[in-house]
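To start, the structure under review is shown below, and the notes come after it.
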Amino acid sequence: MRTDENETQAAATIFHTLNYLSAAILYLKDNILLDRPLTASDLKQPPLGHWGTAPAQNLVWAGLDQLFKNYDTSALVVTGPGHGGQVPLLNSFLEGSYTKAYPEVPQTKAGLLTLFRRFATLHHATHPGPDVPGVIQTGGELGYTLAHAAGAVLDSPGTRAVALIGDGEAETGPLAASWQVSRVLNPQHDGAVFPIVLRNGFAMASRTVFSEMAPEAVEAFFDSQGWAPLWVSLTPARTFTTPCIWHSPKLGIRWRLGREALTSPCRY
């Protein structure tokens, strides 16, 4: 097994690579790796897609990648945020599952260029959808992420599912009701669901409810629903530390993701 330092560096490389590609795919149709100075002809007109929740989603994917490799485990990732559909698309390309589904797009520079040109077209929308390997729902539907993750676990006992939930989505009726799945899921027999709320603070036209709540109020809310929150932050620090532990005492879940925990007053 790799050392802590190597694990951290590997996760940082994935994270920064995904961040660059997630931004570049919005703007570039050529010269995607900046092999020469940019020209107007390299740019998409107009730019298509959203930066939105991409960095936070990429942080999660980088941490999960290390977990899967180091502990020979896996999980279904259910993506809720519609703004940031390039994240599962690019991850599927980097890990190889995209090429398995679309063999005409190899894991090469030419294949990556094809992917850039397919994004935000009839091939792949700017939000995630089932046309992307591993994606079981259309992102941005607003409200069904946690229910779909729980349903997948109940349908296939022993499965782990990670539910990426936007804080705007978290305000919808279906999602608010879905927190109750903690009362019916038994991780010893059914499997486990690990919800992650991407608390960036904004919905389409306003601040989100969770962003206006004090940390103590957020913790009290999730505690009342049977979940024990772990606060993780994304900051521009030079060092990278992968998320450490998903822990829900009420569900008997403790799932290690890395070696250290992120510490910061920022939330989710």
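The basis for the numbers below is simple: all heavy atoms, side chains too, and nothing from hydrogens, waters or symmetry mates. In what follows, residues are counted from 1 in the order of the sequence shown.
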Worksheet item: Are any side-chain N or O atoms of S156 and backbone N or O atoms of A152, one a donor and one an acceptor, separated by less than 3.5 Å?
Response: no

Worksheet entry | Residue that, paired with V60, satisfies side-chain contact (heavy atoms from CB on, under 4.5 Å) out of V87, T53, I196, V232 | I196

Discussion item. Looking at F116, I want to see if its CZ is surrounded by more than 12 non-hydrogen atoms of other residues, nucleotides or ligands under 6.0 Å.
Written reply: yes

Worksheet item: Given the rule that I, L, V, M, F, W and Y join up when any side-chain heavy atoms are under 4.5 Å apart, are L28 and L113 in one cluster?
Response: yes

Worksheet item: Tell me, do V78 and Y144 make a side-chain contact under 4.5 Å, heavy atoms counted?
Response: no

Item to complete: Would you please name every residue forming a salt bridge (charged side-chain N to carboxylate O under 4.0 Å, His left out) with D42, sequence neighbours left out?
Response: R36

Worksheet item: Can you name the salt bridge (charged side-chain N to carboxylate O under 4.0 Å, His left out) partners of D35, sequence neighbours left out?
Response: K109

Item to complete: Please name all residues satisfying side-chain hydrogen bond (donor to acceptor under 3.5 Å, both in side chains) with S22, sequence neighbours left out, ordered by chain then number.
Response: N58

Worksheet item: Cluster question for you: counting only ILVMFWY and a side-chain heavy-atom cut-off of under 4.5 Å, with indirect links fine, are V135 and L90 together?
Response: yes

Item to complete: List for me each residue that meets ring-ring contact (aromatic ring centres under 6.0 Å, His included) alongside F93, sequence neighbours excluded, and say none if there are none.
Response: none

Worksheet entry | Qualifying residues under side chain to side chain contact (heavy atoms under 4.5 Å, CB included), relative to A147, sequence neighbours excluded | S178

Worksheet entry | D65 side chain reached by K69 side chain, heavy atoms, under 4.5 Å | yes

Fill in: Close side-chain approach of Q86 to T126, heavy-atom, < 4.5 Å
no

Worksheet item: Without hydrogens or angle criteria, can the side chains of S74 and R160 be said to hold a donor-acceptor pair below 3.5 Å?
Response: no

Worksheet item: Excluding sequence neighbours, so at least two apart, what forms side-chain hydrogen bond (donor to acceptor under 3.5 Å, both in side chains) with S97?
Response: E95

Practice prompt. Identify, with sequence neighbours excluded, every residue that meets side-chain hydrogen bond (donor to acceptor under 3.5 Å, both in side chains) alongside E219.
Written response: W231

Worksheet item: Can you tell me how far CD1 of I32 sits from CG of L112, rounded to the nearest 0.5 angstrom?
Response: 3.5 Å

Discussion item. I'd like to know whether T145 forms a side chain to side chain donor-acceptor pair (under 3.5 Å) with Q137, so could you lay out the CA-CA distance, the side-chain angles of the two residues, the decisive distance to 0.1 Å, and finally the verdict.
Written reply: CA-CA 8 Å; T145 303; Q137 71 169 16; 3.0 Å; yes

Discussion item. By the salt bridge (Lys or Arg N to Asp or Glu O under 4.0 Å) test, which pairs, at least two apart or in different chains, include something from residues 127-136?
Written reply: none

Fill in: Electrostatic pair E104:R118 at N-O distance under 4.0 angstrom
yes

Fill in: Distance (rounded to the nearest 0.5 Å) between E216 CD and D223 CG
13.5 Å

Practice prompt. Report yes or no: does E169 contribute a side-chain atom to a donor-acceptor pair with the main-chain N or O of G143 at less than 3.5 Å?
Written response: yes

Response to the item:
Hits for side-chain hydrogen bond (donor to acceptor under 3.5 Å, both in side chains) against S211, two or more places apart or cross-chain, chain-then-number order -> T208

Worksheet item: What ring-ring contact (aromatic ring centres under 6.0 Å, His included) pairs are there with at least one residue in residues 43-66, not counting sequence neighbours?
Response: H50-H83

Fill in: Residues forming a ring-ring contact (aromatic ring centres under 6.0 Å, His included) with F210, sequence neighbours excluded
F221, F222

Discussion item. Applying the side-chain contact (heavy atoms from CB on, under 4.5 Å) criterion to P55, which one of L18, N19, N200 satisfies it?
Written reply: N19

Discussion item. I'd like to check the salt bridge (charged side-chain N to carboxylate O under 4.0 Å, His left out) partners of E212; sequence neighbours left out, ordered by chain and number.
Written reply: R207

Discussion item. I165 and side-chain contact (heavy atoms from CB on, under 4.5 Å): which single residue from T172, L175, T79, L198 fits?
Written reply: L175

